[in-house]
K.L.:
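Mind looking over this structure? Questions follow.
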Amino acid sequence: MDMSGQTLIDRYYIRRRVGSGGMAIVYEAWDKSRSARLALKVLRKDLARDPRWMKRFMKEANLLKQLDHPNIVRLYEFQSDGDTAFIVLDWVDGVNLRDVIAKSKMPIALEEVSRTLLPICSALQYAHRNMVFHCDVKPANILLHKDGRVLLTDFGVARLASDEAAGGTPPYMAPEQFTAAKVDGRTDIYALGVTLYEELSGGKVPFTGDGTTTPGTTSRERIGWEIINLPPPSLRTHNNVISHDVDSVVLAALNKDPNLRHQTPNALQEAFEQAQKTPRPSRSGDTRIEVGLIDKHKSERKIWPGVTAPALGEKGSPRLVVIDGTMAGASYQVPSSGFTIGRHRSNTVRFSDRSVSRRHASIIHTRRGVYIRDEGSTLGTYVNGEKIFGPTQLEDGDTIRIGYENKLQYRKR
């Protein structure tokens, strides 16, 4: 049943339905109290009557409460209105990676793949450190905001370290999810490997369950059998412009033995970046990988549909990487609009450290380069150990200190 037009708890006006899954329906809503757009994830009415499903839905809310990371969609609260249970989340104004892949209809450029891989690996690294495993990583759950942010969403089947194997979406599930073995962070590595495969192959996944000799009566059974028993086909069968090194990194993530996969998201990301540095085989007349989502006839680089940033060279746009502090490993692309750093939720880069001011500093992106400006913070903003007193242009490798312990490094490419 479509709930568009209804108001929940006399506060959340439901504007329109935007998506659905096996457990819940997602709506765009208007928060009358905050005067802001939000997303409502509403548990299906038929499932809300089952205590087991209600418990699972509440568990998702509790897991999200534990995860405070700039690349994970923020949860505000779990609520109920009569027999309607729902979760209130940040509204992400943009598209999901699945739609980008479908619209592209060709392999996505390596540089653009890296643009999404880094923040998702950062989000998963953080979740795994908190002993939370997503168990349903896939392009549909990777959201691409119009301001350039990349966010991981839908922890509906996530598991804690003490839980048994979880469900998921069959083409992205690791062998251990089909055999009821214990899951861990390496289960997410497998799903991320499938996601990379899909991006770089032009929309193909390693296993579809369509083999003529594949046993099973349901799609899930057939896909599961292939994932457990068959080797994944090389990426180069779909895209022979991909280097052998990149192919090897993706296939390692898809290894059936968790011990032979990349052991952490950061390890996968670093291996992928290193593999890109090796020469790629060329094929006369084929420019698919070089083009990807980049329009060569314009002076702008398309990040994803509806989002653009100044052309900054083939290796991508500049970014800030947190190298020390509680958010170490997090990475932020610098969009053309810039962003702010501080303790308040309204900032793009947000630290919970009390030594960070509510609005500490601003990052300003101009044609001449990227600048940082202190916003009257209590402790000041430091670049390479020196306190700044006006807009300061950042150079590749510069170190920024925010508060007592948080250090970021500016990387131009």
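Residue numbers start at 1 and run along the sequence shown. Computed from a predicted model, the values in this text were never measured in an experiment.
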K.L.:
Do any N or O atoms from the side chain of Thr187 and from the backbone of Cys135 form a donor-acceptor pair under 3.5 angstrom?
P.N.:
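Side chain of Thr187 to backbone of Cys135, a donor-acceptor pair under 3.5 Å: no, none is there.
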K.L.:
Is a side-chain donor-acceptor pair under 3.5 Å present for Ser243 with Asp245?
P.N.:
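Side-chain D/A pair, Asp245 to Ser243: absent.
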K.L.:
Which pair of heavy atoms, one from Val194 and one from Pro171, lies closest together, and at what distance?
P.N.:
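Distance-wise, the nearest heavy atoms are CG1-O, 3.6 Å.
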K.L.:
Side-chain contact test, heavy atoms from C-beta onward, threshold under 4.5 Å: evaluate it for Asp184 versus Lys182 and give yes or no.
P.N.:
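No, side chains not in contact.
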K.L.:
Under 6.0 Å from the ring centre and within 45 degrees of the ring axis: does the NZ or CZ of Arg149 meet both conditions for the six-membered ring of Phe339?
P.N.:
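No, Arg149 does not sit over the ring of Phe339.
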K.L.:
Are any of the side-chain heavy atoms of Asp93 and His145 separated by less than 4.5 Å?
P.N.:
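A side-chain contact exists here, since the closest heavy-atom pair is under 4.5 Å.
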K.L.:
Report the C-alpha separation of Phe86 and Ile9 in whole Å, then their side-chain angles, then the decisive distance to 0.1 Å, and conclude whether the side-chain contact (heavy atoms from CB on, under 4.5 Å) test is met.
P.N.:
CA-CA 11 Å; Phe86 60 97; Ile9 61 171; 4.2 Å; yes
K.L.:
Please check if atom NZ in Lys256 has more than 12 non-hydrogen atoms from other residues, nucleotides or ligands closer than 6.0 Å.
P.N.:
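Yes - once you tally the heavy atoms of other residues, nucleotides and ligands closer than 6.0 Å, there are more than 12.
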K.L.:
Check whether any side-chain heavy atom of Met327 sits under 4.5 Å from a side-chain heavy atom of His69, and report yes or no.
P.N.:
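Yes, at least one pair of side-chain atoms sits under 4.5 Å.
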K.L.:
Whether the side chain of Asn384 engages the backbone of Thr399 through a donor-acceptor N/O pair (distance < 3.5 Å, no angle test) should be reported.
P.N.:
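Answer holds: yes.
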K.L.:
Do the non-hydrogen side-chain atoms of Leu8 and Gln79 ever get within less than 4.5 Å of each other?
P.N.:
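Contact flag for Leu8/Gln79 side chains = no.
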K.L.:
Decide whether Asn259 and Arg186 meet the rule of one side-chain donor and one side-chain acceptor closer than 3.5 Å.
P.N.:
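Short answer, yes.
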K.L.:
How far does CD of Gln269 sit from CD1 of Ile189, to the nearest 0.5 angstrom?
P.N.:
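Here the interatomic distance stands at 11.0 Å.
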K.L.:
Judged by atom type as modelled, is there a donor-acceptor pair below 3.5 Å linking the side chain of Asp398 to the main-chain atoms of Tyr410?
P.N.:
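A pair under 3.5 Å: no.
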K.L.:
If only atom types and distance count, is the side chain of Ser355 paired as donor or acceptor with the main-chain N or O of Tyr404 below 3.5 Å?
P.N.:
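It does hold such a pair.
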K.L.:
Atom CG of Asn406 and atom CD1 of Ile341: how far apart are they, to the nearest 0.5 Å?
P.N.:
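Atom-to-atom, Asn406:CG and Ile341:CD1 are 10.0 Å apart.
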K.L.:
Determine, stepwise, if the pair Glu176 / Arg261 fulfils salt bridge (Lys or Arg N to Asp or Glu O under 4.0 Å).
P.N.:
CA-CA 13 Å; Glu176 58 266 26; Arg261 295 174 203 155; 2.9 Å; yes
K.L.:
Using the side-chain contact (heavy atoms from CB on, under 4.5 Å) rule, take Ile364 and Val370 through it: C-alpha gap first, then chi angles, then the decisive distance, then the call.
P.N.:
CA-CA 6 Å; Ile364 306 160; Val370 175; over 6 Å; no
K.L.:
Can you list the steps and then say if Arg74 with Asp90 is a salt bridge (Lys or Arg N to Asp or Glu O under 4.0 Å)?
P.N.:
CA-CA 5 Å; Arg74 185 187 308 155; Asp90 252 346; 3.7 Å; yes
K.L.:
Would Val113 and Phe272 count as a side-chain contact (heavy atoms from CB on, under 4.5 Å) if you check the C-alpha gap in whole Å, the side-chain angles of each, and the deciding distance to 0.1 Å?
P.N.:
CA-CA 10 Å; Val113 173; Phe272 188 81; 3.7 Å; yes
K.L.:
Working to the nearest 0.5 angstrom, can you tell me the gap between Met58 CE and Ser80 OG?
P.N.:
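Here the interatomic distance stands at 8.5 Å.
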K.L.:
Under 3.5 Å, is there a donor-acceptor pair between the Asp81 and Thr84 side chains?
P.N.:
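The criterion, which ignores hydrogens and geometry beyond distance, is not satisfied for Thr84 and Asp81.
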K.L.:
Just how far is it from atom CZ of Arg350 to atom CZ of Arg359, taken to the nearest 0.5 Å?
P.N.:
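Here the interatomic distance stands at 15.0 Å.
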K.L.:
Given Ile400, which of Val322, Leu320, Thr392 fulfils the side-chain contact (heavy atoms from CB on, under 4.5 Å) condition?
P.N.:
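By the side-chain contact (heavy atoms from CB on, under 4.5 Å) criterion, Ile400 pairs with just one of Val322, Leu320, Thr392: Leu320.
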K.L.:
Just wondering, more than 12 heavy atoms not from Asp10 lying within 6.0 Å of its CG?
P.N.:
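12 or below, so no.
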K.L.:
Please report the shortest heavy-atom distance between Leu251 and Pro233, naming the atom on each side.
P.N.:
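Answer, listing the atom of Leu251 first, then Pro233: CD2-O, 3.9 Å.
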K.L.:
For the residue pair Glu375 / Thr340, report whether a side-chain donor-acceptor contact shorter than 3.5 Å exists.
P.N.:
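No - no donor-acceptor pair under 3.5 Å links their side chains.
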K.L.:
Shortest non-hydrogen contact from Pro258 to Gln263?
P.N.:
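Pro258 and Gln263 have their closest heavy atoms at O-NE2, 3.0 Å.
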K.L.:
Could you tell me whether the side chains of His128 and Thr264 share a donor-acceptor contact shorter than 3.5 Å?
P.N.:
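Checked: His128/Thr264 side chains show no N/O donor-acceptor pair below 3.5 Å.
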K.L.:
Of the non-hydrogen atoms in Asn71 and Ser331, which two are nearest, and what is the gap between them?
P.N.:
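Nearest heavy atoms, Asn71 then Ser331: OD1-O, 3.9 Å.
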K.L.:
Aromatic rings His238 and Tyr197: how do their planes relate, parallel, tilted or perpendicular, breaks at 30° and 60°?
P.N.:
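Taking Tyr197 first and then His238, their aromatic rings stand perpendicular (interplane angle over 60°).
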K.L.:
If you compare all heavy atoms of Ala330 against all heavy atoms of Pro70, which two are closest, and at what distance to 0.1 Å?
P.N.:
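Looking at all heavy atoms of both residues, the shortest contact is CB-CG, 4.4 Å.
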K.L.:
Run the side-chain contact (heavy atoms from CB on, under 4.5 Å) test on Asp31 and Tyr76 for me, step by step, so that the C-alpha distance in whole Å, both residues' side-chain angles and the decisive distance to 0.1 Å come before the verdict.
P.N.:
CA-CA 11 Å; Asp31 182 348; Tyr76 287 101; over 6 Å; no
K.L.:
Assess whether salt bridge (Lys or Arg N to Asp or Glu O under 4.0 Å) is satisfied between Lys41 and Glu60, documenting all intermediate values.
P.N.:
CA-CA 11 Å; Lys41 186 172 182 178; Glu60 178 182 359; 2.9 Å; yes
K.L.:
How long is the gap from CG on Leu63 to CE on Met131, to the nearest 0.5 Å?
P.N.:
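Answer rounded to 0.5 Å: 12.5 Å.
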K.L.:
Determine whether a donor-acceptor pair (N or O, by modelled atom type, separation under 3.5 Å) exists between the side chain of Asn130 and the backbone of Tyr126.
P.N.:
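Answer holds: yes.
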K.L.:
Taking the side chain as everything from C-beta on, heavy atoms only, tell me whether Arg34 gets closer than 4.5 Å to Arg11.
P.N.:
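In short, these two side chains touch, coming nearer than 4.5 Å.
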K.L.:
Please check if the side chain of Arg354 supplies one atom and the backbone of Val356 the other of a donor-acceptor pair under 3.5 Å.
P.N.:
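Here the side-chain-to-backbone pair does not exist.
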K.L.:
Taking the side chain as C-beta and beyond, is there a heavy-atom pair between Glu405 and Asp324 under 4.5 Å?
P.N.:
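Of all side-chain heavy-atom pairs linking Asp324 with Glu405, none is under 4.5 Å.
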K.L.:
Determine yes or no for a side-chain-to-main-chain donor-acceptor pair under 3.5 angstrom, with Glu198 supplying the side chain and Pro139 the backbone.
P.N.:
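Pair absent, no side-chain N/O of Glu198 close to backbone of Pro139.
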K.L.:
Would you give the length of the straight line joining atom CG of Asp99 to atom OG of Ser104, rounded to the nearest 0.5 angstrom?
P.N.:
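Those atoms lie 12.5 Å apart.
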K.L.:
Side chains of Glu199 and Leu97, heavy atoms from C-beta outward: is any pair under 4.5 Å?
P.N.:
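Glu199 vs Leu97: side chains touch.
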K.L.:
Please give me the minimum heavy-atom distance between Pro119 and Val150, naming the atom from each residue.
P.N.:
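Of all heavy-atom pairs spanning Pro119 and Val150, the closest is CG-CB, 3.5 Å.
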K.L.:
Answer yes or no: is there a side-chain heavy-atom contact under 4.5 Å between Met3 and Leu40?
P.N.:
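Side-chain contact under 4.5 Å: no.
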